Every structure is written in C-alpha cells, then in structure tokens.
Asker: 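This structure is in structure tokens; I'll ask about it shortly.
Predicted, not measured: the structure shown is a model, and the values here were computed from it. Side chains are part of it too, since the values below use all heavy atoms of this structure and drop only hydrogens, waters and symmetry mates. Chain letters run A, B, ... following the sequence lines, proteins first, then strands; residues in each count from 1.
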Protein chains: 2
Amino acid sequence: MSSESLWSRTRRAAFAEIAEVAMELFLEKGFEATTIDDIAAAAGISRRSFFRYFGTKEDVVLGNLAGEGARAAAALAERPDDEPLWTALLNVVALIDEAPGERERLLKISEMMYGTPSLRARSLEKHLQWQADLLPEVKRRLPADPGDGLADLRAAAVVAGAIACLDAAGETWTRQKGAVPLRELLKVAFDSIGHAVG
Amino acid sequence: MSSESLWSRTRRAAFAEIAEVAMELFLEKGFEATTIDDIAAAAGISRRSFFRYFGTKEDVVLGNLAGEGARAAAALAERPDDEPLWTALLNVVALIDEAPGERERLLKISEMMYGTPSLRARSLEKHLQWQADLLPEVKRRLPADPGDGLADLRAAAVVAGAIACLDAAGETWTRQKGAVPLRELLKVAFDSIGHAVG
DNA sequence: TGTCTAATTGACACTCAGTGCCAGACGGTC
DNA sequence: GACCGTCTGGCACTGAGTGTCAATTAGACA
C-alpha cells in the first residue's frame, strides 16, 4: 500500500514519459519546429490528451520551474535573521546549482530557452511568480514600513533586482557554455549592483 | 515638398488610425475578447492587411514602446559622466512621465497590460530589448573590466536591476490607480535596492 | 494625358495552438 | 456482476499568424 494512489502514480509516470519524449524531440528538431501532434504521436497518446497533462507546449520545458519560487521562499526563511538581505538572497538563488551529470543537457535546454521567444517569455512570467512567492519574506526582513504604504513596492524592487541578477547570470552562463560556474557569475552580478548603487 | 515620401505618410496615417480603432475596442470589450476580425472590420480593412501593419495583436498596445530603449540610451549618454550610475539611471527612467491629459487612458491601458498574460509577457520582452539598448552606455560608465571578460554581465545586472525597479514602480502606480506620482515610486524603488545592498 | 512600375490590398487556403464536448474505455469498489 | 468516477480519443471549433497571388492603386515620368 503506497501513500500515493495508483491513479496519481500512473498519472505521474505518464507525465514524466511524455515530458521526456517531448524534450527529446525539442532537442532534436528544435522547439518551434516540433508540433503537439509530433509529441502526441511519439508518446503514443492523442493530441487532446497531451493538453490534459500540459497546459501549453512551453510547460513541458518550464513546468518544473513552477515550484521554485516557493522553495526559494522557504530557503530564505531559513537564513539567519541577522544576515544582510542582499547576501541572504544571493545565498538562496545560489542554491540553484548545476546538477553534475546533467550539465550538458541543461546547457542545451538553456540555449533553446534563450533562443526561443515564446519560451523566453514564459520563463520571464515564472520570474514574476518567484517574485510574488519571495515577496512576503523579503518584506518581513526589510526595515519597518515608514507608514507610506509602499512596503510592497520596496520589497518588490529588491526581489526583482535579485531575480534580474539571476537572469543575467543565467544568460551569461549559457552564452559561455557553462565555462564559468553559475555560482561565480551570480556573485559577480550581485556585487555589480552593490557597487553601482554604493 | 515634405521630407517624407507620400507613401510612408499615408502608411503612417493608416497605422495610427488602425491602432486607435483597435485600442478603443480593447478598452471597451477587453484585449482577449477582441479578435483581429473585430479590429479589421472596425477599421475597414481586411484581416490580412492588419498583419501588414502589426505583427501581432500585442504590438498594437506595446508597439510604441519599441523605441523607448534607444531613447533611454541616448538620454543616459547625455547625463554628466561624473554622475553616479545608479542616479543617472533613475534620472533617465524618470523621464517616462505621465502625459498630463492622458493619465486616465494610460491607467486603463496599464491595467489591461498587467491583467492580460500575453500582454504582460510581451512587455517583459520589451524590457529585454531596453536592457540590450542600454547595455553599451552602462558598460562604458562602469569601472574598467578587471579582465575576466564579465563586463557584459556586470552591466547587464545593473541595467536589469534598474528596469526591475521601473517595472515594480509601474505596477504599483497602476495598482494604486495613479494615486502616487510614478516619479516618486521610482525613487522609492531605486532607494530600496540601494539600502538593501548597502 | 497616358503609360509604366512598384507598393498595397483583399481573398483564399493553410498551419498550429488551445478549448469544449461527448461517448466509450478502464480501474477500483461494493 | 453492477456501479461510479476518472481518463481517453475523436471531433469540431475558435483564433492567431503566414504564404501566395491576382487585382488595384498611386506615384513617376514622358
């Protein structure tokens, strides 16, 4: 007796299999050149069923990024309260590390993402979600609201700045084909803003 | 004899007229509920002709933002060289001011933009373009490259941070229905990052 | 004025993403 | 076996965006 029902187990298995088949096609023929029909045929399901697993074609590639914001927020909450906010944020985003064996594959996916407008757009929308997820904890760590009702804006600006660094570092990492570890690039990006405003 | 050929003048006139008709429909029935056929019918042109003026439906709303990046870059280049970079960037984005008579309309457009996923996504893509446009001038103003080849990343992080502030301020301005002038919100956003990293 | 030429246009057909609907298949339960 | 909820495939549909082509239009030039 599993903690998970058989229904959801088979569903998750199908989910993973469709995603894998689709990613293979994407990496082989390119994202835009691969149609939903191609994926459905390769996965042995109907066109209609594909959309029962993934809302959009982009979700196949970016679906796993959906929960990252909440995870990052949890990680931030566990940083010591006396750690400077900017440092804490750097430490949190730096948790996103290159999975050792997956580097080559991750690089190809990243190149595809930065090179495909619709994918890039979706990833930017994910950033907005991360921003919303991180907002409460960042607001909590910010100096007390002076009473002008702009605490949300202050927190949003800081989070957005951090995510902007993540994005810039990620793009550089991809363009340089992973030559420099992402962690170092993140530090450089965070420090740049630190120096520019200082 | 005009400096502009008659061809392009009539074309620009048609362009403006289609945009105006379309915007009216958008504000009346909503962006997503308005189809290209609606616009074409209202403007007295064919569906096909619409796409000769605008590449996408989103371009009708965001098309005028296309050149903002280049304008901002020019404005930044004219700021004194000894002005701190972060201050200079604030002064540049603060040029985007609410056109006095257009406040009500701009507010509605902004609400539509923040409330429509496809429009929001496109606007974020414009941000990337602005970032690319501003990059060279920001790179020029940054301390000399220490030789690690990461000058682009440093500049990108700073620009992205500034644009993130613009975005956060814009969203707050919209959500508060323009209660606080955008300029003030921008200053708050820029200062927040300044304090967070300091 | 008339003719040549190039840009513009509308119409048609097409691809592709995404959605609504419905009837049937399948697995688990009693 | 009958019952029930879920998943599935098939079908039709909307709506965005593109390629093509013949017809039209307006400017240029003689």
Asker: For Leu95(A), check side-chain contact (heavy atoms from CB on, under 4.5 Å) against everything at least two apart and list the hits.
Answerer: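 Counting only residues at least two positions away or on another chain, Leu95(A) forms a side-chain contact (heavy atoms from CB on, under 4.5 Å) with Ala75(A).
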Asker: Where along residues 24-43 of chain A does a heavy atom fall under 4.0 Å from DNA chain D?
Answerer: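 DNA chain D contact set from residues 24-43 of chain A: none.
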Asker: Tell me, yes or no, whether the heavy-atom count around Gln176(B) atom CD, taken from other residues, nucleotides or ligands under 6.0 Å, exceeds 12.
Answerer: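 Result for CD/Gln176(B): enclosed.
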Asker: So, the side chain of Asp191(B) versus the backbone of Val188(B): is there a donor-acceptor pair under 3.5 Å, distance only?
Answerer: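 A pair under 3.5 Å: no.
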Asker: Just checking Tyr53(A): base, sugar-phosphate only, or nothing, at a heavy-atom cut-off of under 4.0 Å?
Answerer: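 Tyr53(A): backbone/sugar contact only, no base atoms under 4.0 Å.
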Asker: Check the distance between dA16(D)'s P and Phe54(B)'s CZ and give it to me in whole angstrom.
Answerer: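 Rounding to the nearest Å, CZ of Phe54(B) and P of dA16(D) are 15 Å apart.
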Asker: Is the shortest distance from a Lys or Arg side-chain nitrogen in Glu58(B) or Lys126(B) to a carboxylate oxygen in the other one below 4.0 Å?
Answerer: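 Salt bridge absent between Glu58(B) and Lys126(B).
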Asker: Specify the separation, in whole Å, of atom CZ of Phe50(B) and atom P of dT18(D).
Answerer: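 It works out to 11 Å between those atoms.
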Asker: Once you round it to whole Å, what is the distance between C1' of dG18(C) and CZ of Arg122(A)?
Answerer: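 The answer, rounded to whole Å, is 11 Å.
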Asker: Starting at CZ of Arg52(A) and ending at P of dC22(C), how long is that distance when rounded to a whole Å?
Answerer: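 Nearest whole value for this atom pair: 14 Å.
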Asker: Excluding sequence neighbours, so at least two apart, what forms side-chain contact (heavy atoms from CB on, under 4.5 Å) with Leu135(B)?
Answerer: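 Here the qualifying residues are Asp152(B), Ala155(B), Ala156(B).
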Asker: Quick one: Phe51(A) CZ to dG9(D) C1', roughly how many Å, whole number?
Answerer: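 Rounded to whole Å, this separation is 14 Å.
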Asker: Taking only N/O atoms, report every protein-nucleotides 12-14 of chain C pair under 3.5 Å with atom names and distance.
Answerer:
none

Asker: What is the distance, rounded to the nearest whole Å, between atom CD1 of Ile18(B) and atom C1' of dT8(C)?
Answerer: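 So the CD1-C1' distance, Ile18(B) to dT8(C), works out to 12 Å.
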Asker: Among the nucleotides dG18(C), dT8(C), dG17(D), which one has an atom lying closest to any side-chain atom of Arg11(B)?
Answerer: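 The listed nucleotide nearest to Arg11(B)'s side chain is dT8(C).
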Asker: Any non-hydrogen side-chain atom of Glu111(B) less than 4.5 Å from a side-chain atom of Lys177(B)?
Answerer: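 Side-chain contact under 4.5 Å: yes.
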Asker: Could you check which of dA11(C), dG9(D), dG17(D) has an atom nearest any side-chain atom of Lys57(B)?
Answerer: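 So the side chain of Lys57(B) is nearest to dG17(D).
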Asker: Does Lys108(A) have any side chain to side chain donor-acceptor pair (under 3.5 Å) partners at least two apart in sequence or in another chain, and if so, which?
Answerer: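 Partners of Lys108(A) under the side chain to side chain donor-acceptor pair (under 3.5 Å) test: none.
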Asker: With sequence neighbours excluded, what pairs up with Thr87(A) under the side chain to side chain donor-acceptor pair (under 3.5 Å) test?
Answerer: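 Testing Thr87(A) for side chain to side chain donor-acceptor pair (under 3.5 Å), a comparison that skips the adjacent residues, returns none.
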Asker: Select from Gly55(A) and Ser46(B) the residue whose nearest nucleotide in DNA chain C is closer to the 5' end of that strand.
Answerer: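 It is Ser46(B) whose nearest nucleotide is closer to the 5' end.
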Asker: Atom CG of Asp59(A) and atom P of dA17(C): how far apart are they, to the nearest Å?
Answerer: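 Taking CG of Asp59(A) and P of dA17(C), I get 14 Å after rounding.
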Asker: Would you say that more than 12 heavy atoms from the other residues, nucleotides or ligands in this model lie under 6.0 Å from the CD of Glu83(B), or not?
Answerer: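 Correct, the count exceeds 12.
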Asker: Determine: side-chain N/O of Ser49(A) to OP1/OP2 of dG9(D), distance under 4.0 Å, yes or no.
Answerer: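 Yes, within the criterion.
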